[in-house]
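Quick one: this structure, given as structure tokens, is what I'll be asking you about.
The chains referred to below are lettered A, B, ... by the order of the sequence lines, with proteins before strands, and numbering in each begins at 1. The analysis underlying the following values was restricted to heavy atoms, covering all of them including side chains, and did not include hydrogens, waters or symmetry mates.
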Amino acid sequence: MTPVRRLDGWTVRGCVAAALLTFYPSSRLVAQDTSAIDRGVRIGIIYRPGVRPGLVVLPGTTPALDSARAIIARDLDYSDRFELITLPGGDSIRFSGAALSSRVGRPPTGGGAAAGLNYPLYQALGADFAVGVALAGDTTVLAVHDITAGGVRREFRAVLPALKDPGFRMAVHRLADHVLEATLGTGGIAATRILFVMDGKVYVIDQDGTDRQLVSSSDHQAMSPAWAQDGRRFAYMEFWAGHGQLFIQPLGSGKRQPVVTTGQALDFTPAFSPDGKTLAFSRATEEGTDIYTVNVKDNCCLQRLTVGRFSDNLSPTYSPDGQRVAFVSTRPGLPQIYVMAADGTDQQLFAPFDYGVTGSSNAPDWSPDGQSVAFHRDVGGTLQVFVLDVRTRAVRQLTSLGRNEDPTWAPDSRHLAFVSDRSGYRQLWIIDLETGRIRPLLQQSGARLPAWSPRIPETASSTP
Amino acid sequence: MKRLSLLLLGGIAVVAVAACGGGPPPQPVTPQQNVDSIAQAEKRRQDSIDAEAAAARAREEEERRRQQRIADSLAALGKTTEAVRTMLATMIHFDYDKSNIRPDDAGALDQKVGILQANANLRIRISGHCDERGSDEYNLALGNRRATAAKQYLVSHGIDAGRVETVSYGEERPLAQGHDESAWAQNRRDEFEIIAGGDALRQP
């Protein structure tokens with residue numbers, strides 16, 4: 001944690017790291033999953049030094065905010081965009097809470113000396129930013145300090161729900177995302193949730209592994225949850241007397257609607273179009289499996305996109321502009337990743353493979369930034385997560401430890417949740433593609449088929 | 001008294017005949033004859049009563065046997081239905097990520113063709129299943145192909161397609177819970193279940 005020298009405004013730690021910076025080619029995704037190390041420790045992972053500014057979450061004097069502070073600190077850590085700095089001596093370094101309170105309510109100074117914060121000290125500790133959380137009446141004030149500029153960069157105010165309120169955590173997650181906007185000008189993933197299937201039921205969990213809730217609990221076995229881009233609804237499939245019935249359910253209400261025209265055959269793997277008007281899905285009949293769409297806004301207009309005849313076509317995923325659909329097709333023999341226009345025309349191979357060498361490829365998920373498609377591929381009898389670069393069509397293997405499958409993109413397009421048995425049993429994990437850091441999402445066996453939400457809008461944060 | 005008067009009358013008659021004829025003396029009519037015929041009549045009467053009883057017994061026996069035969073045949077029918085059901089439920093199995101019918105399973109399918117032909121009201125559902133190794137969602141498509149492959153076989157051997165439904169459960173309903181090849185091999189299967197007309201089944 002000792003800063004060595006300054007480079008382009010960021011702290012670079014160690015001359016080895018500096019050398020790596022010199023020789024490592026500039027690439028968007030450079031991380032390799034080379035270890036299953038738990039949070040906090042990084043071994044054997046190559047990451048680009050210099051791009052992770054140091055950040056310190058300031059200790060506070062208001063015990064009521066300790067939970068909020070702890071959640072924010074963990075969210076910022078899990079964003080994998082900061083080098084989180086632990087103050088030597090923990091809480092022994094306190095800045096004056098009175099000084100902070102006196103500043104609250106005034107417009108950000110935008111530089112200059114903010115009262116009570118020893119900027120040179122934090123700079124010496126390697127911090128580029130400091131985050132303080134304080135109370136002004138019943139309003140929580142989040143201050144983002146720019147250490148280099150020596151002042152408060154932004155302030156955010158929010159009236160947090162009570163600690164026991166089901167909306168408390170999501171409101172705090174939103175504050176954490178504000179820190180990313182204020183410091184890096186990018187959206188965070190703290191205020192997001194992940195749907196998954198366990199024991200035939202659909203659950204939702206916050207991205208930090210807390211607040212797990214059952215959202216679909218019928219007697220019928222459920223599969224394949226999928227978010228709508230508004231973050232308010234999701235679709236999923238249930239087995240009904242051997243058929244597959246699709247449902248759309250608003251998060252938090254439990255009042256689901258069966259999708260029109262589905263349920264007579266085996267309908268599965270639903271996927272919302274980005275505008276939320278269309279639901280693409282796979283339908284298995286005696287003719288094989290093909291991709292259809294249905295207008296879920298007007299409950300009409302079943303359309304068939306693929307005509308497989310002797311091959312299966314399934315698992316559609318829309319590009320973020322809604323113009324294209326990536327999917328799985330068995331037309332080359334084994335399942336591989338294909339792409340077509342959203343109306344079913346112009347079908348072509350998407351992820352290249354060596355005929356007779358490359359194993360089955362399945363479960364594609366198009367990244368929210370449109371640049372990548374994650375999927376899993378059979379490598380030597382087990383499954384590994386791969387990422388396809390949409391522009392160059394280069395394919396890169398992301399995982400190698402254990403069996404890894406069903407990747408789903410976070411809205412920042414750099415984190416993936418996936419299923420892995422690397423710890424001995426199958427559970428959900430999250431990997432950051434840029435640092436290679438991996439963390440378990442929940443310590444529970446049997447969780448699978450994850451679906452990462454878009455950023456949850458404020459009005460959709462209510463819980464059942 | 002009656003018998004005595006008969007004897008007296010008979011004696012008078014004999015004397016009368018002897019008095020007015022010079023022919024050989026008639027054979028004396030033995031009074032025992034009458035006694036015998038009475039006994040015989042008595043015996044016949046008794047016999048007929050016995051015969052009646054025997055016939056009744058025989059009829060009862062016959063009825064009992066008839067009931068037994070009905071019971072036996074019902075039991076046999078039940079046994080047949082059970083046997084046919086067992087034959088029909090025999091699963092077929094597949095190689096990894098394959099949906100073609102294995103040659104060693106053709107016999108089991110031929111048996112099902114015979115059963116379906118012998119029982120015109122029988123309708124069945126074939127469910128395709130997979131092992132846990134493949135992709136969860138792809139396995140729904142694979143299970144669908146496995147169920148369809150068995151149906152195609154039945155239809156191509158003369159079974160009306162409307163009598164056979166197909167479904168797929170992918171890897172969602174494993175038979176064997178293990179994580180080795182023996183469990184996987186058991187789980188890569190088609191199951192056959194009766195959905196109509198299965199109350200009394202005939203042998204093919």
So, the part of A/Asn313 with a heavy atom under 4.5 Å from chain B: the answer is neither

Can you name the closest pair of heavy atoms from A/Ala241 and B/Val167 and give their distance?
O-CG1, 4.4 Å

A/Arg377 portion near chain B, given a 4.5 angstrom heavy-atom threshold
neither

Could you walk me through whether B/Leu140 and A/Leu266 pass the side chain to side chain contact (heavy atoms under 4.5 Å, CB included) test, one step at a time?
CA-CA 8 Å; B/Leu140 292 172; A/Leu266 179 59; 4.3 Å; yes

Criterion side chain to side chain contact (heavy atoms under 4.5 Å, CB included) on B/Arg133 and A/Leu383, from CA distance to verdict:
CA-CA 9 Å; B/Arg133 278 180 296 170; A/Leu383 302 178; over 6 Å; no

What part of B/Val155 lies closer than 4.5 angstrom to a heavy atom of chain A: side chain, backbone, both or neither?
neither

Presence of salt bridge, A/Arg448 and B/Glu172, under 4.0 angstrom:
yes

Spatial distance of atom CG (A/Leu334) from atom OH (B/Tyr138) [nearest 0.5 Å]
7.0 Å

Classify the side-chain pair B/Glu137/A/Ser224 by whether it contains a donor and acceptor separated by less than 3.5 Å.
yes

What part of B/Ser168 is in contact with chain A, defined as an atom under 4.5 angstrom from a non-hydrogen atom: side chain, backbone, both or neither?
both

Leading residue by heavy atom contact count with chain B [cutoff under 4.5 Å; candidates A/Glu286, A/Met237, A/His376]:
A/Glu286

Contacting region of B/Asp136 [heavy-atom separation from chain A under 4.5 Å]
both

Main-chain N/O of A/Thr285 paired with B/Asn144 side-chain donor or acceptor, under 3.5 Å:
yes

Side chains of A/Glu405 and B/Ser135, heavy atoms from C-beta outward: is any pair under 4.5 Å?
no

